[in-house]
Structures are given as C-alpha cells and as structure tokens.
Asker: 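Structure provided below as structure tokens; questions to follow.
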Amino acid sequence: MTEERIELLDSDITTLKVDAIVNAANNSLLGGGGVDGAIHRAAGPELLAECFGLGGCPTGKAKITKGYRLPARFVLHTVGPVWHGGDHSEAELLAACYRNCFALAARQHLTTLALPAISTGVYGFPKEAAAIIAVRETRAALAARPELKVILVCFNEETRRAYEEALNRS
Ligand code: AR6
C-alpha cells in the first residue's frame, strides 16, 4: 500500500530528522526567503558554500547537498516554476521537480524524504492544483520504491486542506 507511506505533517521542515529534506529554491541556489531561507539559516554557512559550487539549477531540476547542521542528512534543492497563469508549462515543471527529487533520492538510496509545497509560496502556484500534482507524483514514486516514505509538510492550514482534498480525490 502506498497510502500508508504518505504522511501529512504540520511542521517546520528544518526540524525533521529524515534522510533528506527538499528545498524550494531559486535558479541561483544561493538562498532566499520562505523555506529556502529557513533551511539555509538552520543548516549554517557551510550549506551556502557547497551551493556556490553547484552553478545554479534549471527550473524543474534538482541537485543534492549535505545537510550540515540540519537533523536531515541531505538537502535536495529543486526550483519550482513561478506561476504565470498556467499557460507556461507550470504544471509540467512542478511535476518535474517532484520526479527529479524522487529520482535523485532513489539514486542516493535515500528512503525517508520530507517535502514542502513547492512553488506555492512566493512563486504563487495555486495550492489545490499544486497538491494534486504533489500527491500524484508521490504516489508514483512510492509505487516504484516499496522502501520509500514521504512526508508532505504543511506549513499552513490551506496547504493541509489542499493535500487532504488531493488525497481524497482518488
Ligand atoms: N517548513 C516547511 N514549509 C515552509 C517553511 C518551513 N520552514 N517555510 C515556508 N514553507 P516558498 P516557493 C512553505 O515561498 O513558492 C524563496 O525565496 C510555504 O508556506 O518557500 O517555491 C526561494 O529562494 C509554502 O507552502 O517557496 C525562491 O526565490 C512552501 O513552503 C522562492 O522563494 C513554499 O513556499 C521559491 O518560492
């Protein structure tokens, strides 16, 4: 069963002791606000130093670093699309973020992953539509890897509601 391996958790992602947390970063990978800022603050300056060497990241792709002072061992940095109304491949790019994070986790044999609601903050992606994509891609990843466990982190009530609705749809 895949559903038993998806957890919704009201939490600050920087506190979670998992194999990897996902960062909703920007193309520079050099920090920012939102969850990105919180992760860099909690991980310490060594994270920024490693990110400098990565040369940024295209939208929809993902790169890995160590977690440094975080309880999580690794950080998977992905760059979600900025919402421009929905006709600019936003849905495909958001799905690619999830797929590339899950693929990277599989390559590194990481089994416990926590993800924020990528693109739904500063980048303005509608929460309900984003939750449907997150749940669909998470279910596909869980079906492909029986050892995988995924925590979808709800930083606010609207995000939790959007995930609950997406999980109940099918
Ligand atoms: N733990 C878990 N989730 C969080 C946390 C946290 N500590 N803080 C915020 N969220 P956002 P984006 C939630 O804006 O929309 C940055 O400046 C938040 O409530 O962090 O992908 C980057 O550098 C929302 O549900 O990311 C980029 O420039 C979700 O995380 C830009 O923002 C994503 O919100 C990326 O924008």
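Source: prediction; values computed, not measured. In listed order, ligands and their atoms are each counted from 1.
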Asker: Report the member of Asp36, Ile13, Leu115, Val35 with the shortest heavy-atom distance to atom 22 (C) of ligand 1.
Answerer: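 Minimum heavy-atom distance to atom 22 (C) of ligand 1 goes to Asp36.
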Asker: Would you say the side-chain atoms of Gln108 pair up with the backbone N or O of Leu104, donor to acceptor, closer than 3.5 Å?
Answerer: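 Not a single qualifying donor-acceptor pair exists.
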Asker: Between the candidates Val122, Leu30, Val153, which shows the shortest non-hydrogen contact distance to atom 14 (O) of ligand 1?
Answerer: Val122
Asker: Who gets closest to atom 28 (O) of ligand 1 by heavy atom: Tyr123, Phe125, Trp83?
Answerer: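 Residue with the shortest heavy-atom distance to the ligand atom: Tyr123.
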Asker: For atom 29 (C) of ligand 1, which of the options Ser11, Gly121, Pro81, Ala117 provides the nearest non-hydrogen atom?
Answerer: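 Minimum heavy-atom distance to atom 29 (C) of ligand 1 goes to Ala117.
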Asker: Can you tell me the protein heavy atom closest to atom 19 (O) of ligand 1 and the distance?
Answerer: Asn156 ND2, 3.3 Å
Asker: Quick one: which ligand 1 atoms are inside 4.0 Å of a heavy atom on Gly34?
Answerer: 8 (N), 20 (O)
Asker: Can you give me the closest heavy-atom contact between Lys66 and Leu47, atom names plus distance?
Answerer: O-CD1, 3.8 Å
Asker: Any idea which atoms of ligand 1 are less than 4.0 Å away from a heavy-atom of Gly33?
Answerer: 16 (C), 17 (O)
Asker: Among the clusters formed by ILVMFWY side chains lying less than 4.5 Å apart, do Ile133 and Tyr163 turn up in the same one?
Answerer: yes
Asker: Return the closest protein heavy atom for atom 21 (O) of ligand 1 as residue, atom name and distance.
Answerer: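 For this ligand atom, the closest protein heavy atom is Ser119 N, 2.8 Å.
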Asker: Run the salt bridge (Lys or Arg N to Asp or Glu O under 4.0 Å) test against Arg99 and tell me which residues pass, sequence neighbours left out.
Answerer: Glu137
Asker: Consider only side-chain N and O atoms of Asn27 and Thr59, and report whether a donor and an acceptor are under 3.5 Å apart.
Answerer: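 A donor-acceptor contact under 3.5 Å links the two side chains.
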Asker: Starting from atom 4 (C) of ligand 1, find the nearest protein heavy-atom neighbour and note its residue, name and distance.
Answerer: Phe155 CG, 3.3 Å
Asker: State the atoms of ligand 1, each with its element, that fall below the 4.0 Å cut-off from a heavy-atom position in Ala24.
Answerer: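 Selected atoms, number and element: 21 (O), 22 (C), 26 (O), 35 (C).
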Asker: Note the single closest protein heavy atom to atom 25 (O) of ligand 1, along with its residue, its atom name and the distance in Å.
Answerer: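 Nearest neighbour among protein heavy atoms for atom 25 (O) of ligand 1, to 0.1 Å: Thr120 OG1, 3.2 Å.
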Asker: Hydrogens and angles aside, do Asp12 and Thr15 bring a side-chain donor and acceptor to less than 3.5 Å of each other?
Answerer: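 Checked: Asp12/Thr15 side chains show no N/O donor-acceptor pair below 3.5 Å.
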Asker: How far is atom 7 (N) of ligand 1 from the closest protein heavy atom, and which atom is that?
Answerer: Asp12 OD1, 2.9 Å
Asker: Are Ile118 and Phe125 connected in a single hydrophobic cluster, I mean Ile/Leu/Val/Met/Phe/Trp/Tyr linked by side-chain heavy atoms less than 4.5 Å apart?
Answerer: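 In one cluster: yes.
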